[in-house]
Amino acid sequence: MKIATFNINGIKARIEALPRWLAEATPDVVCLQEIKSQDDGFPAQMFRDMGYEVQTHGQKAFNGVALLSRLPMTDVVRGLPGDDDDVQARWIEATVTGARAVRVCGLYLPNGNPAPGPKYDYKLAWMARMQARVKTLLAGEMPLVFAGDYNVIPQAMDAAKPGGWMTDALYLPDTRAAYRRLVNLGLTDAFRVREPGAGHYSFWDYQAGAWERNNGIRIDHLLLSPQAADLLSNVAIDRAVRGGDKPSDHVPVWVTLDA
DNA sequence: ATGGTCGCAAGGCGA
């Protein structure tokens with residue numbers, strides 16, 4: 001089972017690049033972030049025609065997440081539990097069944113800038129809510145995949161120029177500590193199982209020639225529960241997508257599980 | 001360097 005995460009930065013702007021990548025990468029499951037569309041504005045039929053079931057959790061203009069799956073999806077949950085007043089569409093989960101049943105959670109963690117401030121407070125509160133949700137799901141002992149745009153640079157090696165991120169919400173000590181608390185629940189950063197070295201990124205800003213200078217950061221992650229980590233077979237970042245026509249500022253990251 | 005470049009949606013916010 002090939003499971004990918006891809007922050008597409010607007011479905012309307014990626015209406016050609018996303019199907020192009022799907023056709024060549026042929027993932028079984030895709031967690032999309034920043035669809036920037038309401039549910040009824042998402043071109044679900046286009047993806048159904050490519051063999052995917054579609055589940056969306058959209059929002060007008062901002063945020064919005066979706067799941068695409070070539071395998072049956074059941075028990076869909078929209079929205080991160082823990083705050084009924086939160087109107088931002090940043091979380092969707094479903095059980096995907098191939099040879100094994102896997103619970104896939106797609107997430108778009110808040111950016112949090114500027115920090116300090118209310119947006120940063122929201123980011124940390126959201127991470128605490130995610131911590132609680134992960135704990136609840138871990139108790140179910142099903143293989144779990146938490147895939148998405150975490151807006152977290154876990155370590156200095158995950159940025160080309162870590163010095164430039166010192167006061168940024170993606171890299172502040174409180175951000176990295178909250179991310180470590182998630183990992184310390186027993187989750188595995190799938191990418192780091194295969195690649196312990198520096199120089200691997202998933203995002204390059206549109207500004208200041210970041211892509212041309214390879215001034216990137218690794219902020220799109222797949223965290224695996226122990227039962228999912230035991231099934232891990234392969235993982236990669238589809239870096240070349242950033243150099244394609246009309247690209248997102250993020251590229252896909254994926255794992256294959258023996259499931 | 002308070003810039004720079006995108007996307008959404010139709011002005012300014014978010015990243």
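Source: prediction; values computed, not measured. The chains referred to below are lettered A, B, ... by the order of the sequence lines, with proteins before strands, and numbering in each begins at 1.
In this structure, CH2 of A:Trp204 is placed 16 Å from P of B:dC6, rounded to the nearest angstrom. Between the CD atom of A:Glu34 and the C1' atom of B:dC13 there is a distance of 13 Å, rounded to whole Å. In this structure, CH2 of A:Trp211 is placed 23 Å from P of B:dA15, rounded to the nearest angstrom. Note: CG (A:Asp249) to P (B:dA15) measures 12 Å, nearest angstrom. Distance CG (A:Leu170) to P (B:dA15): 10 Å, rounded to an integer number of Å. The CG atom of A:Asn151 sits 14 Å away from the P atom of B:dG14 (whole-angstrom rounding). Rounded to whole Å, the distance from CD1 on A:Ile153 to P on B:dA15 is 15 Å. In this structure, A:Gln59 atom CD and B:dC13 atom P are separated by 17 Å, rounded to whole Å.
Nearest nucleotide to the side chain of A:Gln207, out of B:dG7, B:dG4, B:dA9: B:dG4. Picking from B:dG14, B:dC6, B:dA9 the nucleotide with the shortest atom distance to the side chain of A:Lys60 gives B:dA9. Comparing B:dA15, B:dC6, B:dG14 by their nearest atom to the side chain of A:Tyr206 picks out B:dC6. Between B:dA9, B:dG7, B:dA15, one nucleotide has an atom nearer to the side chain of A:Ala61 than all others, and that is B:dA9.
A donor-acceptor pair is defined here as one N or O able to donate and one able to accept, closer than 3.5 Å; such a pair exists between the side chain of A:Asn113 and the backbone of A:Ala169.
In this structure, the ring of A:His200 has its center less than 6.0 angstrom from the ring center of A:Phe191. Residues A:Tyr179 and A:His221 place their aromatic rings such that the two centres sit under 6.0 Å apart.
Nucleotides B:dG3 and B:dC8 are separated by 24 Å at their P atoms, to the nearest Å. Taking the P atoms as reference points, B:dA15 lies 25 Å from B:dA1, given to the whole Å. For B:dG11 and B:dC6, the C1' atoms lie 16 Å apart once the distance is rounded to whole Å. One P atom belongs to B:dA10, the other to B:dT5, and the distance between them is 24 Å to the nearest Å. On the P atoms, B:dT2 is 25 Å away from B:dG7, given to the nearest whole Å. To the nearest whole angstrom, the two P atoms, one in B:dG14 and one in B:dA9, are 15 Å apart.
Across all their heavy atoms, A:Arg100 and A:Met1 have their closest contact at O-CE, 3.7 Å.
For B:dG7, the OP1/OP2 oxygens have a side-chain nitrogen or oxygen of A:Lys246 closer than 4.0 Å. Distances shown here put every side-chain N or O of A:Lys36 at or beyond 4.0 Å from the OP1 or OP2 atom of B:dC6.
Within 4.0 Å (heavy atoms only), A:Phe203 reaches no atom of the nucleic acid at all. At the heavy-atom level, A:Arg242 lies nowhere under 4.0 Å from the strands shown. Within 4.0 Å of A:Ile11, counting heavy atoms only, lie sugar-phosphate atoms of the nucleic acid but no base atom.
Taking for each of A:Lys12 and A:Asp205 the nucleotide of DNA chain B with the nearest heavy atom, the 5'-most of the two is the partner of A:Asp205.
Tested against A:Leu68 for a side chain to side chain contact (heavy atoms under 4.5 Å, CB included), the candidates A:Val29, A:Thr56, A:Leu32, A:Asp28 yield a single pass: A:Leu32.
Within a 6.0 Å radius of CG in A:Asp49, other residues, nucleotides and ligands contribute more than 12 heavy atoms.
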